[in-house]
Amino acid sequence: MSISKQFISHGECRKELFGGIQKMYDFVSATLGPHGRTILIEKVAHTMEATKDGVTVANDVYSPKKWEDMGMQLVREASQKANVMAGDATTTAIILAYWMCKEGLSAVANRANVYQVSRGMKRAVEISVKKLDKIARAIDKEEDYRRVATISTQDEEIGKLIASTFMQAGLCGNIDIQRQEEDGITVEKTEGLSFDKGWGDSGIFRCYINDRTNKKGMRCLQEDIPVLVVEQKIDHENQLFPIMEMLAWPTPDRATMSQADYEALLEERKKSGWPYNTRKLLVISDTFGAGAMGCLVANNSKDPNTGHKYFHLIFSKAPSYGIHKIETMKDICAITGAEFISEEHGGRRVEYATLKDLGRAKRIIVEEDKTIIIADEKTDRQSAIQERIEFIQNYLKDMPHDHIERKEWELRLATLTDGISIIKVGAESENERHELVRRVDDGVRAVRSAREEGVTPGCGSALLQCAEDVQAMYSLAKNIDERRGMEIVYKALHAVSLRLLEVGFVEDFTMPKWKRIFITPEKQRKNLVEAMKWNMQTGLIPHCGYNFALDQLDNMETLGVLDAKKAVRVALQAAVSVATTFLRIDGALGEISDETEMMQNIKRFVKE
């Protein structure tokens with residue numbers, strides 16, 4: 001089947017592309033604000049998803065028309081960039097991009113120099129970012145976290161839960177979101193280190209299970225247990241016998257030696273950190289061979305004379321893969337105080353391990369698909385942990401925000417510093433649970449962004465303040481076209497406030513009802529936005545925005561309506577990037593299939 005090309009150029013190209021951008025704007029911007037609408041999306045196998053998440057809607061909006069779909073793909077990038085970088089303001093990014101494209105299209109139609117216009121737009125965004133830096137303030141209190149999360153999730157109870165979770169997790173703490181079958185939202189805190197490997201990785205591992213009463217399933221519990229971390233594969237029992245014998249060595253017989261020798265042996269053993277007759281060991285290794293499995297089963301068998309196990313030997317496979325496996329094993333060593341035994345990284349073999357190489361765990365929990373190691377407070381490990389933390393932080397500085405491995409490194413950093421907090425989300429139906437998970441995820445990411453760069457007044461107030469600075473800097477423009485670019489951004493900065501009022505069906509309450517009949521709703525909304533700007537300029541209502549609860553203008557800062565400054569900044573920068581790219585486009589090429597030839601090939605295939 002041959003593939004041919006179709007193309008359009010000049011004004012017709014921009015008009016067709018803008019048609020797709022406008023449709024994307026209509027769909028996505030309908031979800032904006034407290035009165036935002038829910039969009040129902042059909043998924044695979046005719047399943048449905050109801051959502052108010054801007055980027056989710058944007059990712060599922062397509063057009064059967066080639067050029068409109070290309071325009072949608074172009075503006076979709078702004079929303080996706082905001083989602084990746086900040087996790088919030090995805091709808092704001094599309095609104096800003098749409099208005100910049102719309103106003104820019106008029107400038108290009110009037111034969112403005114596209115490159116000068118683009119330069120002016122970027123200069124205006126730079127001015128806006130500097131203004132955001134001035135009005136932003138840092139947050140570190142639970143109340144501020146609650147406000148940001150409540151605005152993002154549009155649910156006060158979820159906002160409180162997210163805020164308290166962040167306070168528990170600490171500065172570098174990691175928050176993970178999981179689904180649960182039970183209805184409601186719960187928070188689980190893991191103090192220590194956990195990884196996704198358990199006894200379920202091998203059926204033979206079940207022989208060391210000693211707790212079958214847990215509601216979550218069978219598991220192994222051990223307290224005050226030595227930990228051996230080995231990179232090499234454990235193939236034979238002879239590799240483990242030396243260290244096991246050292247641990248299980250019986251207490252010396254005092255009658256067979258002098259008092260001085262007996263006290264010397266006890267002192268030497270005390271220095272090792274482990275008493276005589278210690279019959280338990282956790283081994284974390286890459287893989288375990290058949291000989292090691294036989295050793296595991298034999299030692300976890302019960303002695304018929306005493307009824308106790310010969311030796312509580314516990315195996316756990318090392319988490320992750322590749323370089324992450326080695327680094328995670330080093331993290332485990334830092335938490336437990338163990339020495340990393342590796343032929344490649346140290347030239348040591350497990351057969352020659354000593355008691356000094358063992359780490360200590362206050363408690364371990366080995367479940368079917370997870371191992372939790374709770375560090376022992378007595379183990380001196382602060383210097384080792386700090387060294388690992390500094391190593392990971394330096395590595396993350398040079399890693400892009402959208403790097404595929406960044407989450408893995410951040411999770412390890414959080415484990416070493418503040419542990420892991422898990423928010424488990426459940427609901428009566430799958431659709432409700434899916435939407436609830438997205439809202440919780442939005443709230444968590446919004447608070448995380450706010451903690452990085454601070455917060456700004458919400459409800460479009462911060463963007464209106466940026467517009468004032470852009471207008472004051474028109475004199476910086478080198479020519480008329482560059483000024484046009486700055487004017488385009490100036491108008492776009494009003495768009496979020498205007499769209500919020502439009503979605504909320506807000507009228508201009510400052511004028512009598514009889515007079516509103518003669519003024520269009522669009523003009524009324526513009527009057528309200530001008531009133532907001534006037535109140536901020538005169539200082540009558542700083543950080544002025546619209547209070548939808550009381551239908552009046554109010555101080556967004558005092559009201560607690562806050563946006564993450566990083567989210568607003570990223571939305572602005574992503575929007576101007578998409579808009580300047582769109583304005584420079586003068587033609588488009590697309591592939592089309594020869595339907596006549598395709599149908600002929602299908603008929604020929606059916607006959608054969």
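In this structure, R37 contributes its side chain and V503 its backbone to a donor-acceptor pair below 3.5 Å. A donor-acceptor pair under 3.5 Å is formed between the side chain of Q154 and the backbone N or O of G33. Within the 3.5 Å criterion, the main-chain N or O of G458 finds no donor-acceptor partner in the side chain of S461. S79 places no side-chain N or O within 3.5 Å of a backbone atom of I94 that could act as its donor or acceptor partner. With R525 contributing its side chain and V506 its backbone, the two residues share no donor-acceptor pair below 3.5 Å. Side chain of S152 to backbone of V148: no donor-acceptor contact under 3.5 angstrom is found. Within the 3.5 Å criterion, the main-chain N or O of Q180 finds a donor-acceptor partner in the side chain of R433. Not one N or O on the side chain of R14 forms a donor-acceptor pair closer than 3.5 Å with the backbone of L105. A donor-acceptor contact shorter than 3.5 Å is absent between the side chain of T90 and the backbone of N83.
Seen from the ring of F166, R448 does not count as a face-on cation partner, given the 6.0 Å and 45° thresholds.
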ask   = Can you check side chain to side chain contact (heavy atoms under 4.5 Å, CB included) on M121 and V125, steps first, answer last?
value = CA-CA 6 Å; M121 292 171 68; V125 169; 5.7 Å; no
ask   = So S497 and L464, side chain to side chain contact (heavy atoms under 4.5 Å, CB included) or not? Walk me through it.
value = CA-CA 8 Å; S497 297; L464 291 178; 3.6 Å; yes
query = When you look at E77 and K81, which way does the salt bridge (Lys or Arg N to Asp or Glu O under 4.0 Å) test go after all the steps?
reply = CA-CA 6 Å; E77 291 183 9; K81 183 66 176 293; over 6 Å; no
key: Verdict with reasoning, I364 to T371, per side chain to side chain contact (heavy atoms under 4.5 Å, CB included)   = CA-CA 7 Å; I364 66 162; T371 298; 5.6 Å; no
key: Stepwise side chain to side chain contact (heavy atoms under 4.5 Å, CB included) test for M532 and L501   = CA-CA 12 Å; M532 295 177 196; L501 298 175; 4.2 Å; yes
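Ion pairing between D469 and K130 fails under the 4.0 Å rule for side-chain N and carboxylate O. Taking the charged nitrogens against the carboxylate oxygens, K52 and E435 have no contact shorter than 4.0 Å, which rules out a salt bridge. A salt bridge does not link E126 to R123: none of the charged nitrogens lies less than 4.0 Å from a carboxylate oxygen.
W99 is not listed as a side-chain neighbour of L493, based on a closest heavy-atom distance of 4.5 Å or more. Under the 4.5 Å side-chain criterion, counting only non-hydrogen atoms from C-beta, C459 is in contact with L500. Residues R388 and F391 form a side-chain contact, since some pair of their non-hydrogen atoms from C-beta on lies under 4.5 Å apart. Side-chain contact between R499 and Y25 is present, with at least one heavy-atom pair separated by less than 4.5 Å. Side-chain contact between I127 and K131 is absent, with no heavy-atom pair separated by less than 4.5 Å. Considering only heavy atoms from C-beta on, Y145 comes within 4.5 Å of R451 through its side chain. Residues D133 and K565 are in side-chain contact: their nearest non-hydrogen atoms beyond the backbone lie under 4.5 Å apart. The shortest side-chain heavy-atom distance between S449 and D88 does not fall under the 4.5 Å cut-off.
The CG atom of D60 sits 8.5 Å away from atom CZ of R76, with the distance rounded to the nearest 0.5 Å. Distance check: T456 OG1 to L463 CG gives 7.5 Å after rounding to the nearest 0.5 Å. Annotation: the span from T165 atom OG1 to E142 atom CD amounts to 9.0 Å, rounded to 0.5 Å. Rounding to the nearest 0.5 Å places CD1 of I332 at 5.0 Å from CD1 of I373. To the nearest 0.5 Å, atoms CE (M167) and CD (E143) are separated by 11.0 Å. One distance of note links OG of S118 with CE of M100; it measures 11.5 Å at 0.5 Å rounding.
For N555, the side chain to side chain contact (heavy atoms under 4.5 Å, CB included) partners at least two apart in sequence or on another chain are I541, P542, H543, E557, T558.
Checking D53, V61, T31 one by one against I39, the side chain to side chain contact (heavy atoms under 4.5 Å, CB included) holds for a single residue, T31. Checked against L161 for a side chain to side chain contact (heavy atoms under 4.5 Å, CB included), the options T153, D155, I185 give a single hit: I185.
In the displayed structure, E522 atom CD is contacted under 6.0 Å by at most 12 heavy atoms of other residues, nucleotides or ligands. Annotation: K526, atom NZ; neighbour count of heavy atoms from other residues, nucleotides and ligands within 6.0 Å does not exceed 12.
The two residues P457 and D563 have their closest heavy-atom pair at O-OD2, 4.4 Å. Contact record, A571 with T92: CB-CG2, 4.3 Å, taken as the closest heavy-atom pair. Contact record, D69 with S63: OD1-N, 3.2 Å, taken as the closest heavy-atom pair. In terms of heavy-atom proximity, L553 sits nearest to C544 at CB-SG, 3.8 Å. Looking at every heavy atom in both residues, K533 comes nearest to E468 through O-OE2, 3.9 Å. Pairing each heavy atom of T328 with each of P319, the nearest pair is CG2-CG, 3.4 Å.
Side-chain atoms of D554 and Y546 include no donor-acceptor pair closer than 3.5 Å. E390 and N394 are not linked by any side-chain donor-acceptor pair at a separation below 3.5 angstrom, with hydrogens and angles left out of the test. Between the side chains of T51 and R438, no donor-acceptor pair of N or O atoms lies under 3.5 Å. Under 3.5 Å, the side chains of R569 and Q573 contain a donor-acceptor pair of N or O atoms.
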